[in-house]
Amino acid sequence: MEFTLGQIAALLQGKVEGDENLGVSRIDKIQEGKAGGISFLANEKYEQYIYDTQATAVIVSNDFEPKQEITCALIRVKNAYTGFTTLLEKYAELNKLAKIGVEEPSFCDQSSAIGDNCYRGAFSYIGKQCIIGNNVKIHPNAIIEDQVHIGENAIIHCGAKIKSRTIIGKNCEIHPGAVIGSDGFGFAPQEDGTYKTIPQLGNVILEDNVSVGSNTTIDCATMGSTIIRKGAKIDNQVQIAHNVIVGENTVIASQTGISGSTEIGKNCVIAGQVGIVGHIKIADNTTIAAKTGISKNIKKRGQTIFGYMGMDLKDFLKSYSIFKNLPQLNDRLRELEKKE
Amino acid sequence: MEFTLGQIAALLQGKVEGDENLGVSRIDKIQEGKAGGISFLANEKYEQYIYDTQATAVIVSNDFEPKQEITCALIRVKNAYTGFTTLLEKYAELNKLAKIGVEEPSFCDQSSAIGDNCYRGAFSYIGKQCIIGNNVKIHPNAIIEDQVHIGENAIIHCGAKIKSRTIIGKNCEIHPGAVIGSDGFGFAPQEDGTYKTIPQLGNVILEDNVSVGSNTTIDCATMGSTIIRKGAKIDNQVQIAHNVIVGENTVIASQTGISGSTEIGKNCVIAGQVGIVGHIKIADNTTIAAKTGISKNIKKRGQTIFGYMGMDLKDFLKSYSIFKNLPQLNDRLRELEKKE
Amino acid sequence: MEFTLGQIAALLQGKVEGDENLGVSRIDKIQEGKAGGISFLANEKYEQYIYDTQATAVIVSNDFEPKQEITCALIRVKNAYTGFTTLLEKYAELNKLAKIGVEEPSFCDQSSAIGDNCYRGAFSYIGKQCIIGNNVKIHPNAIIEDQVHIGENAIIHCGAKIKSRTIIGKNCEIHPGAVIGSDGFGFAPQEDGTYKTIPQLGNVILEDNVSVGSNTTIDCATMGSTIIRKGAKIDNQVQIAHNVIVGENTVIASQTGISGSTEIGKNCVIAGQVGIVGHIKIADNTTIAAKTGISKNIKKRGQTIFGYMGMDLKDFLKSYSIFKNLPQLNDRLRELEKKE
């Protein structure tokens, strides 16, 4: 999509210095600015680049005073950084809403109801008795099985798989290849050493404004629901097992795994490659550093936890600093023993 | 699917107290029972809920004696818990078998042979010279490449990818997004620092009753076969490299990785986020705790292993308990040094 | 595909002992040789197998002198091992190039340009304004979104997802289920505890000869590009966050995660389940052992790093050897304390 500098200035409540009718169709870093693109200058560290940028226009603050001649157009706004992020958001929003209609071939069972202004990409699949809200975008090759509800403005990216009975709130975004609602890992050991599959009959509920990363897997509950509460943001390749509850506005980074029936509080920040055992509770506002293993309840709010077996961060670092010097500590001990 | 209480009682060899013609189409926890659903009461801890549940019917044991009035219908059976799990299994089985026939568009090369009572979802793909057994269910967007054999009653869930030459046994279940038989990670270093791809010409064999979780990857052998023996159960996001062998009835939890040519014994239990190096053997009946790293053969059967470098669980916990107190230990040592 | 022994001997510049017109269509290990297959003997450890193999032919070196009668045909070459790997490579290459043309239904926007000798599998999707080079193979269910460039001879395996604006070099291979160019994980915390999505407007660039494993995820840059330099080889289920740069000929094993804006040098070898924090630099020729956590820059080239918090390998092993004996060390200390 191409926009004129005039249109952008109107959006940002700024004014153009140069030709208002020039068009831009791309957003670049100022040091990589090229013709047809727009950049911004908010940090004086980057000021050098504005004097020889190839960008068509640069967004600057009202108080910016060039020290050399400038060849590109300027859009002056109150705050260049805020103006720029506003532009980014509008651009992304327009991009997301741009897709409308149905590409063929696609599949939609006649028992399902689809809202207005939806997009259904080629090879997307919608099973029986689904209810799809307005403005929902279902990208190519995405699968929506039976009896799924999807709230308005949600985006189901290409190749995401939404299994039967899943409920997805408004404004959720499910990234490519994510699997929501597949069977929990439940097997009952038998006397002969084999395992019998325990049917997984529950579902997954994503409340509003949840984001689920690429190739992440969220299993359905054995009975009842696996629940991701509103505003939670989940990165790529995260594993969430059956009957887990993730609290409001909790953020979970890539490759973390949460075992069955564990309950994570709200406003937690969980870094990458963390492992959390099943059937425990993590208090609100807990921060868990990368690669940490958690095997017990965390009852006190607001702690920062780290380590292979999940200790208080400071305690872990103290122990670890001595671990690094264990050979020397051993030598010191040997020295004392000799003196005996 | 709706069933009458009479049908369910007949299935469970029980008897109905109430209207045999009432229909139920859902299975709920007793504390969440709603009209049109059936629940069970096996644990007296939950008895309170039966007196005001909205469930249409509850399965109870023959010896259950209500202490208050009950408004829902009852199905009395010998053992309520066993009766309920039987019901769950039948329900799940019926659900799995319910899909039959071909949704269009789908793709199947004419050189492939498809059994009776199969399901092929829309956008499913079957390549050349495949042999697909009776009752196999291939869900939407699943890919079966060339020369694949799939045994009867197997389920290939949506978006699973079965690469050429893979052999899948009877009753296997491949969950969404799993990739079976992709190229092993083999590259030969060249003198100039680049790498040359080593062709991966083998295949993957899954024996009968194997379950493979969502987004799990199992690579084909360089030559010969990567083998998952009968009854093994593999969770989501597990990585199994080329030429690995996983023994009978071994269970592997999520996000575990097994490197090339390693052989895992039978009846092992491997927890989540475990890493196992290549070219080693793990004895039968080994238990490996979560996040453990294994870099050597485990020769003795029946051990429980834990830790970053895989020690006996008890030894690791003893060392770790002192690790947590290393600063104090260091202080004690310093105290002694001062006295010298 | 079937080849005669004469054709194979010509390819390998060798000569046939036996019937040149015999056909083979499979490559087997010598100990598993079956009729219709060809094997090789390069290591005398395996010599016993040649005397009773069922293989149609075996490749041997010119100087091989049988000690017993041999029933299969022989192809004599200068070096049996080199000859065999040449055969493997040719076979794999022929297999890869074998697919040509378009299977229907498939989807390709008319604004995209497709080169010669390409393959587009059923249910593959190509969006707007893409440029696809000659000999590119796009397998069933693969998704190429808008404005994607793919260089000649690249292979996009089944169900791989290439998001908008991605640039893929020549001879790249993207394995099944990989996601290239999905949104980076960027959210700005708001005062009320919620998070606002930061638009991710950059792209991913894969230079020539890059391999990306099954179900691996590579996020697009917030602005600018996430870059995988030429010849890098990435295994299955690796996570590469926004704005990361991976150097030339660097190899990354399965389940490793690299956080945002980190820069990995060239010719590095990174083992499995490694975690690397964001915004750091790893020097060229660094080796990182499995399960290592890296939280700081690695400035010196050619180191081998290991451990939960990334130490020099030798130092880590020294500390760890004492960690294993901490209970005994504690006892020794207690003994000294008693004597005071």
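Throughout, a chain's letter reflects where its sequence line sits, starting with A, and its residues are numbered from 1.
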Closest-packed option against chain B by number of heavy-atom pairs under 4.5 Å, given C:V251, C:L336, C:N325: C:V251
From B:F187 atom CZ to C:K233 atom NZ, the distance as rounded to the nearest 0.5 Å: 5.0 Å
Note, B:D183 side chain near C:E173 side chain (heavy atom, < 4.5 Å): yes
Residue part contacting chain C, namely of B:N141, when any heavy atom lies under 4.5 Å: both
Distance-only side-chain donor-acceptor flag, C:H157 / B:K163, under 3.5 Å: yes
Side chain, backbone, both or neither of B:D146 within contact of chain C (heavy atoms, under 4.5 Å): side chain
Beyond-backbone contact of B:K196 with C:T85, side-chain heavy atoms, under 4.5 angstrom: no
Interface moiety of C:L317 toward chain B, non-hydrogen atoms closer than 4.5 Å: side chain
Chain B contacts, top residue of C:N209, C:D235, C:L88, C:D28 (heavy-atom pairs, under 4.5 Å): C:D235
Side chain / backbone / both / neither for B:M309 at chain C, heavy atoms under 4.5 Å: both
Residue, of C:G231, C:G159, C:P140, C:A271, that accumulates the most heavy atom pairs under 4.5 Å with chain B: C:P140
Closest-packed option against chain C by number of heavy-atom pairs under 4.5 Å, given B:T216, B:V277, B:T197, B:V274: B:V274
Close side-chain approach of B:F185 and C:H175, heavy atoms under 4.5 Å: no
Within residues 326-333 of chain B, residues adjacent to chain C where the heavy-atom gap is under 4.5 Å: B:L326, B:L329, B:R332, B:L333
Per-residue contact mode, B:K339 against chain C (heavy atom under 4.5 angstrom): side chain
Greater than 12 external heavy atoms within 6.0 Å of C:K266's NZ: no
Contact winner vs chain B - C:E32, C:K29, C:E337, C:H139, heavy-atom pairs under 4.5 Å: C:E337
Which atoms of B:S321 approach chain C - backbone, side chain, both or neither, heavy atom under 4.5 Å: neither
B:Y308 side chain reached by C:F316 side chain, heavy atoms, under 4.5 Å: yes
Test item: C:F123 and B:I143 side chains (from C-beta on) under 4.5 Å apart, heavy atoms: no
Rounded distance (nearest 0.5 Å) linking atom CD1 of B:I294 with atom NZ of C:K291: 9.5 Å
Minimum heavy-atom distance C:Q255-B:T256, with the two atoms named: NE2-O, 3.3 Å
Distance (rounded to the nearest 0.5 Å) between C:K99 NZ and B:E145 CD: 6.5 Å
Chain B contact via C:A122 - which portion, at a heavy-atom distance below 4.5 Å: both
Which atom of C:E104 lies closest to which atom of B:F107, heavy atoms considered: O-CD1, 3.6 Å
Proximity breakdown for C:P105 and chain B, heavy-atom pairs closer than 4.5 Å: side chain
Pairwise side-chain contact, C:C158 with B:Y125, heavy-atom cut-off 4.5 Å (strictly under): no
Toward chain B, the part of C:E89 with a non-hydrogen atom under 4.5 Å: both
Results of side-chain contact (heavy atoms from CB on, under 4.5 Å) for C:T217 - residues two or more places apart only: A:S214, A:N215, A:N236, A:Q237, C:V179, C:Q239
Neighbour count above 12 (heavy atom, 6.0 Å) for C:K170 NZ: no
Sequence-distant partners of C:D208, salt bridge (charged side-chain N to carboxylate O under 4.0 Å, His left out), two or more places apart: none
Segment of C:T292 engaging chain B (4.5 angstrom heavy-atom cut-off): both
Proximal component of C:N267, with respect to chain B [non-hydrogen, under 4.5 Å]: side chain
Chain C contact residues among residues 219-228 of chain B, heavy-atom distance under 4.5 Å: B:D219, B:M223, B:G224
